Structures are given as structure tokens and as C-alpha cells.
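Keep in mind that this is a model prediction, so the values were computed, not measured.
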Amino acid sequence: MITMRIAVVDDNEVDRTLLENLIQKSARTLDIDLSLNLFYNGQTFLDSTESEKYDIVFMDIFMKGADGIETANTFRINNPQTYIIFLTASPEHRKGAFSVHAFDYIEKPVKESVIIRVLNDIKRLSPQKEQPCLTLIAHKQAYSFPYSEIQYVISDMNYIKIFIKQELRFRMNFSETEEQLLQDSRFFVLNRGIIINLDWVESVDDTFTICTMKSKLTLPIARRKTFALKTKLQERFFEINSN
């Protein structure tokens, strides 16, 4: 089963709810594991991208405030691989829609058959291998966290603190977690007892002593790690943009 993280951006509540239902129904038909977030304007969507990543964005072109084209242009700067599908009741802005490398253009009212087609097209283009996960045991129950959703892991005595959408705490050996995560190129040991996911780095200060994550947490960079961090960030950028 493939996982898709999808955002719907539409200021019309009726259209937004309809599309939500169609996407959920289509995902079940296509055996897609779905993560779906809804937004009522472009700015709330852009704000969410500070802590969320999306595989697909369904964007209405005509919205109050920043319209869909403007919002998509801003979003595209840091998200070159996300599939953008534009929605509108009028075909006159099709040219502008494709200027931001939109994957498709759907006219309203949206039909289930169209959503199935779009999701199935993207599914065929997506890697079918299972996403690597970190599996942790707590209270005799296993919890699996996709690498792509792990922002950082911090040692806390005999526990680890792992940040997904919130900070979670597990009784687990940090070195074992470190050994597993470092097999993946997106993870980096920032300092003793601190592993970060490079994909979730928001910024590094000019002196390369403080790293700010997209969760807004600031983490200290070990002096001996400065050059390695610069190199890894560059390597990760080219790795993502060459795929």
C-alpha cells in the first residue's frame, strides 16, 4: 500500500467538503493510505508547510486573498516535487496554472472518476517500495514511524524523545536508534545525543552554531560537526532535486 499526504486548498466550504469525500472514497478504491488536510485559504496552507510536507496539493484557483496561482508559486519554491492539481469553474486560467508545473487541471464540479484517474496516475509514477520506518516498542505494543515524518531524535537518559507532529518519549537505547537511522542519508548526528532529519531543517545561523527545525526548536551544533553539516545539507539538497 502506498501512502499519500494530500492537501486541499479551497475557500468554498461546499466544494472543499465534496472534494474531501471524493478523495477519501477514491483512496479506498485504489488502496491508498491517506493523510488529508483541508485549508480554507492559501495563507493557512502555506503556514502549514513549515511543519508539514505534501505529496499532492489540490488548489482552487479563485480564492479570496492570495489566489491559487500566487499561492502555488510561493509553495513551489521549496517544494519542487509535489504534484499540484488546480481546480476551477472556468478554463480561462489554464495557461497560468501550468506555468507552475501543475500536474493536472480539473474543472468543477469535480467528479469521482476524475479524482480516481488523477490519483491512479500519480500512484503509477510513485515508487512502490515501502517507506522505511523506525519501529519502537512501548507497553508491549509496536509503533512505526516513517523516516520522512521524523524531525529529530534526542537522547534523554534511558529514553529517547522523538518528534513527529508532537514530541513522544520512549524507553529505548539511543545508540540502537542512531545506528538504524544513520543508514538513511537524510539523518545526521548534530551533537551528542541529537539526530536530526535534514529535510526538516528550517535554517542554520551564520556562525553554524544553532540549527532551527521547522518545529521551531533550536538545537546546538557541535563545533566539530560544522563542516560535515554544511556538506550533508548540500548533498541532501542535490539528492532530493535530482530524483
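The main-chain N or O of Cys133 is found under 3.5 Å from a side-chain atom of Gln180 such that the two form a donor-acceptor pair. In this structure, the side chain of Trp200 engages the main chain of Ser148 through a donor-acceptor pair within 3.5 Å. Judged by distance alone, the side chain of Lys123 and the main-chain N or O of Leu30 form a donor-acceptor pair under 3.5 Å. Remark: the backbone N or O of Tyr159 is not paired with any side-chain donor or acceptor of Asp156 at under 3.5 angstrom. With hydrogens and angles disregarded, a donor-acceptor distance shorter than 3.5 Å links the side chain of Asp55 to the backbone of Arg5. Asn197 places a side-chain N or O within donor-acceptor distance of the main-chain N or O of Tyr147, the cut-off being under 3.5 Å. Side chain of Asp10 to main chain of Asp60: no donor-acceptor pair is present (N/O by atom type, distance under 3.5 Å, no hydrogens or angles).
Ring to ring, Phe45 and Phe75 are close: their centroids are under 6.0 angstrom apart.
The neighbour count for Phe145 CZ, taken as heavy atoms of other residues, nucleotides or ligands under 6.0 Å away, is above 12.
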_Worked verdict on Tyr105 versus Ile61 for side-chain contact (heavy atoms from CB on, under 4.5 Å)_ = CA-CA 10 Å; Tyr105 184 100; Ile61 288 183; 3.7 Å; yes
*Assess whether side-chain contact (heavy atoms from CB on, under 4.5 Å) is satisfied between Phe188 and Leu229, documenting all intermediate values.*
CA-CA 8 Å; Phe188 179 80; Leu229 177 59; 3.8 Å; yes
_Could you go through Ile84 and His101, starting from their C-alpha distance and side-chain angles, then the distance that decides it, and tell me whether this counts as side-chain contact (heavy atoms from CB on, under 4.5 Å)?_
CA-CA 8 Å; Ile84 297 176; His101 307 292; over 6 Å; no
*Can you list the steps and then say if Arg16 with Glu13 is a side-chain contact (heavy atoms from CB on, under 4.5 Å)?*
CA-CA 5 Å; Arg16 192 169 62 242; Glu13 184 177 359; 3.7 Å; yes
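Hydrophobic clustering of Ile, Leu, Val, Met, Phe, Trp and Tyr side chains at less than 4.5 Å, counting indirect connections, unites Phe58 with Ile32. Linking ILVMFWY residues whenever their side-chain heavy atoms come closer than 4.5 Å, directly or via other members, leaves Leu233 and Phe237 in distinct clusters. Cluster membership check: Tyr40 does not share its hydrophobic cluster with Ile85, using side-chain heavy-atom separations under 4.5 Å among Ile, Leu, Val, Met, Phe, Trp and Tyr. Put simply, Ile106 and Ile56 are part of the same group of oily side chains (I, L, V, M, F, W, Y) that touch within less than 4.5 Å, one to the next. Put simply, Leu198 and Leu182 are part of two different groups of oily side chains (I, L, V, M, F, W, Y) that touch within less than 4.5 Å, one to the next.
For the 3.5 Å distance criterion, the side chains of Ser144 and Thr135 qualify, holding a donor opposite an acceptor.
Closest approach of Phe187 and Leu181 over heavy atoms only: CD1-O, 3.4 Å. Looking at every heavy atom in both residues, Leu134 comes nearest to Thr177 through CD2-CG2, 3.9 Å. Taking each heavy atom of Pro132 and Asp184 in turn, the nearest pair found is CG-OD2, 4.2 Å. Shortest non-hydrogen contact noted between Leu119 and Met4 is O-CE, 3.7 Å. Shortest non-hydrogen contact noted between Gly193 and Phe174 is C-CZ, 3.4 Å. The two residues Ala27 and Leu34 have their closest heavy-atom pair at CB-CD2, 4.0 Å.
Here the NZ-CG distance, from Lys108 to Asp15, works out to 3.5 Å after rounding to the nearest 0.5 Å. The distance from atom CD of Glu202 to atom NZ of Lys214, rounded to the nearest 0.5 Å, is 7.5 Å. To the nearest 0.5 Å, the span separating CZ on Arg186 from CD1 on Ile195 amounts to 13.5 Å. Between the CG atom of Leu217 and the CD1 atom of Ile194 there is a distance of 8.5 Å, given to the nearest 0.5 Å. In this structure, CZ on Arg76 lies 6.5 Å from OG1 on Thr82, to the nearest 0.5 angstrom. Separation of atoms NZ (Lys111) and CG (Leu22) is listed at 12.0 Å; rounding is to 0.5 Å.
A heavy-atom distance below 4.5 Å is found between the side chains of Lys165 and Glu52. Side chains of Lys225 and Leu190 form no contact here, defined as non-hydrogen atoms less than 4.5 Å apart. Residues Val201 and Met213 form a side-chain contact, since some pair of their non-hydrogen atoms from C-beta on lies under 4.5 Å apart. Side-chain contact between Asp47 and Phe39 is absent, with no heavy atoms from C-beta onward closer than 4.5 Å. In this structure, Asp11 and Phe62 have side chains that are not in contact, with every pair of non-hydrogen atoms separated by 4.5 Å or more. With contacts defined as side-chain heavy-atom distances shorter than 4.5 Å, the pair Thr3/Pro146 does not qualify. Side chains of Ile164 and Ile150 form a contact here, defined as non-hydrogen atoms less than 4.5 Å apart. Counting heavy atoms from C-beta outward, Tyr83 and Val118 have side chains that stay 4.5 Å or more apart.
Arg117 and Asp104 are joined by a salt bridge, as a carboxylate oxygen and a charged side-chain nitrogen come within less than 4.0 angstrom of each other.
Results of the side-chain contact (heavy atoms from CB on, under 4.5 Å) test with Ile154 over Ile196, Leu219, Asn191, Ile162 single out Leu219 as the only residue that passes.
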